[in-house]
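Below is one structure, written out as structure tokens; the observations come after it.
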Amino acid sequence: MVTLAIFNAAEIINSFLSADAMTVYLMVLGFMIIESSFIPFPSEVIVPPAAYLAATSHEVNIFAVVIIATVGALGGAMINYWLSVWIGRPIVYKFADSKFGHACLIDRAKVENAERYFDRHGAISTFIGRLIPAVRQLISIPAGLSRMNLGKFAIFTSLGALVWNAILAGLGWWLGHIVSREQLYAKVEEYNSYLTYAGIALGVACVIFILWNALRKRPDNQNKK
């Protein structure tokens with residue numbers, strides 16, 4: 001997993017496993033805000049261990065984990081959105097070119113890629129982008145630069161985050177029934193690449209469905225004319 005050196009994924013998972021329910025919820029909220037902002041942090045070490053606790057104890061509720069994680073993801077995305085609105089494209093790219101931007105694993109190429117993705121797919125990209133690694137944290141930036149309608153941005157971002165968090169929670173719940181706590185970190189690491197492929201596949205499937213739906217409606221509209 002790619003993350004900043006100050007975060008130790010194994011220690012974070014262990015912190016989840018030793019925390020009480022309220023602390024777990026607060027950690028999910030806080031870390032998901034970080035994960036969705038410009039600071040790179042893997043949600044794969046946040047939601048699965050919380051869901052694992054829901055499967056192995058009665059203190060943590062898996063539905064609460066998913067909802068809180070989604071609220072946190074929206075909060076982090078809003079940070080990127082409003083920063084982009086306030087500071088504008090030139091400063092965003094200056095940040096991407098700076099040493100601090102590189103320390104946050106952000107560079108000009110990644111921001112340009114997020115902008116191209118947004119331009120190609122429009123508003124729906126804020127939903128699809130939440131499912132795709134490397135795009136997930138940055139898709140809010142072009143949305144802010146283009147001053148996308150805030151209501152649409154919040155809805156699409158929340159729906160995309162909800163789908164992704166549900167997938168992560170499902171993994172954690174499943175692992176809760178087959179592995180011990182000592183094995184959890186290794187298994188999360190093992191299945192991380194599969195989660196990446198699943199996210200990309202979901203994103204591609206959404207694009208195909210949207211295109212198919214749009215093309216299917218055109219002949220009908222033309223016949224009506």
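Keep in mind it's a predicted model, so treat the numbers as computed, not measured.
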State plainly whether one hydrophobic cluster holds both [X] and [Y], where clusters connect Ile, Leu, Val, Met, Phe, Trp and Tyr through side-chain heavy atoms under 4.5 angstrom apart.
{"X": "Trp82", "Y": "Met32", "answer": "yes"}
{"X": "Val47", "Y": "Leu26", "answer": "no"}
{"X": "Ile167", "Y": "Phe156", "answer": "yes"}

Quick check against the 3.5 Å criterion: does [X] have a side-chain atom that pairs as donor or acceptor with the backbone of [Y]?
{"X": "Tyr52", "Y": "Leu171", "value": "no"}
{"X": "Ser36", "Y": "Gly76", "value": "no"}
{"X": "Ser84", "Y": "Asn80", "value": "yes"}

Practice prompt. Only one of Leu17, Asp20, Leu184 passes side chain to side chain contact (heavy atoms under 4.5 Å, CB included) with Leu53; say which it is.
Written response: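 Single pass found, and it is Leu17.
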
Looking only at non-hydrogen atoms, find the nearest pair between [X] and [Y] and report the distance.
{"X": "Asn149", "Y": "Gly151", "answer": "OD1-N, 3.0 Å"}
{"X": "Ala51", "Y": "Ala169", "answer": "CB-O, 3.3 Å"}
{"X": "Thr56", "Y": "Arg181", "answer": "OG1-NH2, 4.3 Å"}
{"X": "Val45", "Y": "Ile13", "answer": "O-CG1, 4.0 Å"}
{"X": "Thr70", "Y": "Ser158", "answer": "CG2-O, 3.5 Å"}
{"X": "Met27", "Y": "Ile12", "answer": "CE-O, 4.3 Å"}

Just jot down the side chain to side chain donor-acceptor pair (under 3.5 Å) partners of [X], sequence neighbours excluded, or say none.
{"X": "Thr157", "result": "none"}
{"X": "Ser57", "result": "none"}
{"X": "Glu11", "result": "none"}
{"X": "Ser180", "result": "Glu182, Gln183"}

Item to complete: Return the set of residues passing ring pair (Phe, Tyr, Trp, His ring centres under 6.0 Å) with Tyr81 (not counting sequence neighbours), or none when no residue passes.
Response: Phe153

Can you check whether [X] reaches [Y] side chain to side chain, under 4.5 Å on heavy atoms?
{"X": "Tyr25", "Y": "Val28", "value": "no"}
{"X": "Val24", "Y": "Glu59", "value": "no"}
{"X": "Glu35", "Y": "Ile46", "value": "yes"}
{"X": "Leu159", "Y": "Ile155", "value": "yes"}

Under 3.5 Å, side-chain donor or acceptor atoms of residues 60-68 against the rest of the protein: list the pairs with distances, not counting sequence neighbours.
unit_1, atom_1, unit_2, atom_2, d
Asn61, OD1, Phe63, N, 2.8
Asn61, OD1, Ala64, N, 3.0

